[in-house]
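Okay, so here's the structure we're looking at.
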Amino acid sequence: MRDALAAALGARATLVFAQDARAVAALQAAPPGGDLVLLVIESGVSALDRAMLVAAVGPLAQALAPVTRLAALDLADNAEPSDVVAAAEFLAAAGSTTGQVLRIVPRG
Amino acid sequence: MARANPTSEGPALTDRLTLNVHDLEVMVLTGIYSEETHLPQPLRISLTVDLVAPERFDPDTPLSESKNYLDLKHAATSALPVGVHFKLVEAVADHICETLFLQDQRVTRVEVSIVKLAISEAGESIGVTLVRNRR
């Protein structure tokens with residue numbers, strides 16, 4: 001799924017795959033440039049870290065604005081990879097959108 | 001407003017901005033009651049958060065120079081993960097502190113007071129206050 005996201009987005013976004021809440025600290029320490037930073041909160045992240053990551057998206061987006069947008073995909077177990085890619089492409093194209101978190105759950 | 005004067009003798013005075021969000025009532029899975037019943041119990045949560053203060057606030061100072069109070073409210077409500085049981089309310093307080101430190105580097109100190117409403121019999125406030133400073 002990581003490869004599919006990278007292939008779909010190319011240079012349109014910087015992908016950050018968050019294993020835990022420290023991913024935010026890394027973003028703050030070395031904010032990437034470019035139009036969009038897409039934080040991908042994978043399904044294996046603990047509930048506590050997930051909650052902190054989601055809570056950080058809004059304030060961090062404000063800190064990075066207006067030069068860089070920040071958005072996040074919050075992935076549930078067994079989320080369909082094509083749905084994840086579609087959501088990522090939407091966020092990459094939505095040039096006025098920042099600070100948003102899209103929760104991707106399994107179909108059905 | 002008093003400002004630090006680097007040329008004067010004596011300890012430096014550090015300006016700060018304090019944001020307050022008090023008396024949030026939040027249902028949280030915590031303590032023995034929740035462990036046994038799997039039901040959340042009501043907590044009254046108050047936050048006092050210190051930030052690094054900008055040099056000056058002018059009439060046209062942008063919003064970005066302060067912090068959205070809703071970030072504090074969210075840290076004590078929606079940022080508490082659903083379904084996670086916190087054995088101690090101290091852990092609830094620490095999660096709130098960590099959430100605020102993580103999301104905004106301007107936050108220097110977080111004070112969280114939690115009152116356990118369910119154990120009050122005559123309106124008394126019983127709970128804890130946790131203070132964490134950024135290290």
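Letters A, B, ... mirror the listed sequences (proteins, then strands); counts begin at 1.
- Both the backbone and the side chain of A/A47 come within less than 4.5 Å of a heavy atom of chain B.
- Both the backbone and the side chain of B/A79 come within less than 4.5 Å of a heavy atom of chain A.
- Taking both residues in full, the closest heavy atoms of B/S64 and A/Q62 are given as CA-NE2, 3.8 Å, listed atom of the first, atom of the second, then distance.
- The minimum heavy-atom distance between B/Q103 and A/A56, with the atom names listed, is CB-CA, 3.7 Å.
- More than 12 heavy atoms of other residues, nucleotides or ligands shown are found within 6.0 angstrom of CG on B/L39.
- One hydrophobic cluster, built from ILVMFWY side chains closer than 4.5 Å, holds both B/F101 and B/V92.
- Smallest separation of non-hydrogen atoms from B/L102 and A/A21: CD1-O, 3.4 Å.
- Heavy atoms from other residues, nucleotides or ligands lying under 6.0 Å from CZ of A/R22 number 12 at most.
- Other residues, nucleotides and ligands contribute only 12 or fewer heavy atoms inside 6.0 Å of the CZ atom of B/R16.
- Nearest heavy-atom pair, B/D71 versus A/P59, reported as atom, atom and distance to 0.1 Å: OD2-CG, 3.5 Å.
- Placement of B/V110 and B/V21 within a single hydrophobic cluster is found when ILVMFWY residues are connected by side-chain heavy-atom separations under 4.5 Å, directly or transitively.
- No continuous path of hydrophobic side-chain contacts links B/L130 to B/I114 [ILVMFWY only; heavy atoms under 4.5 Å].
- Nearest approach of A/M52 to B/T99, heavy atoms of both residues: CG-OG1, 3.2 Å.
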